[in-house]
Each structure stands twice: as structure tokens, then as C-alpha cells.
Amino acid sequence: DQTGSDRRALAACLRGTRRRMSAEEVGGLQMPVLVAVGTDDEIAGSASGLAALIPGAQLLDIPGRDHMKAVGDRAYKAGVLAFLGKRP
């Protein structure tokens with residue numbers, strides 16, 4: 001309530017599936033995808049491997065960041081804005 005967040009959107013995320021997608025399912029994605037991972041991330045797995053599975057995916061390495069600090073980094077923010085700026 002304090003943040004004004006959308007409770008229905010939050011509930012949908014919490015109810016969402018957490019099953020692992022197959023390589024075929026990942027390869028069948030038909031939308032622009034940005035794979036952004038910190039170069040020091042030991043949790044996320046291979047960002048380049050994931051991006052290679054998704055047709056047209058763009059890879060964004062966030063230098064010197066781990067899993068928890070990548071999203072707050074300036075390189076992440078700039079990369080996301082550039083990626084979204086290319087969309088029609």
C-alpha cells in the first residue's frame with residue numbers, strides 16, 4: 001500500500017510457474033529479449049549460452065557486478081534504455 005504497487009500484478013507474479021523451460025521453448029520465443037547478467041554472477045549461469053538459444057537476443061554483460069548488484073549498475077540502466085530505444 002505504501003508504494004502504490006499493483007497488487008493484482010504482484011499476485012500474478014507470485015502464482016506464476018517456476019518450471020524450467022526447455023531449450024526448444026526458449027528458442028521459440030518470438031519477442032525481443034535482452035539477457036543482462038553481471039560478469040561476476042555465479043548464480044545466473046551462462047548468459048551467452050542463454051542468449052545463443054534465443055533468436056535475435058541481445059547480450060548485456062555488466063562488468064564487475066554479481067547477481068545482487070547488477071540491476072542497480074549504470075551499465076545495466078544504460079543498456080536497458082538502449083535496448084528499449086531500438087524497439088518500434
ILVMFWY cluster, [X] and [Y] together (side-chain gap under 4.5 Å):
X     : Y     : value
Leu84 : Val71 : yes
Ile62 : Leu34 : yes
Ile54 : Leu60 : no
Val26 : Val35 : yes
Leu59 : Tyr76 : no

Between [atom1] of [X] and [atom2] of [Y], what distance do you get to the nearest 0.5 Å?
X     : Y     : atom1 : atom2 : value
Ile43 : Asp66 : CD1   : CG    : 7.5 Å
Arg65 : Asp40 : CZ    : CG    : 9.0 Å
Glu25 : Leu53 : CD    : CG    : 12.0 Å

For Ala51 and Ala57 the tightest heavy-atom approach is O-CB, 3.6 Å
Show the numbers, then the answer: is there a side chain to side chain contact (heavy atoms under 4.5 Å, CB included) between Met21 and Leu29?
CA-CA 11 Å; Met21 293 175 71; Leu29 293 174; 4.2 Å; yes
Determine yes or no for a side-chain-to-main-chain donor-acceptor pair under 3.5 angstrom, with Gln30 supplying the side chain and Gly28 the backbone.
yes
Between Thr39 (side chain) and Asp61 (backbone), is there a donor-acceptor pair under 3.5 Å?
no
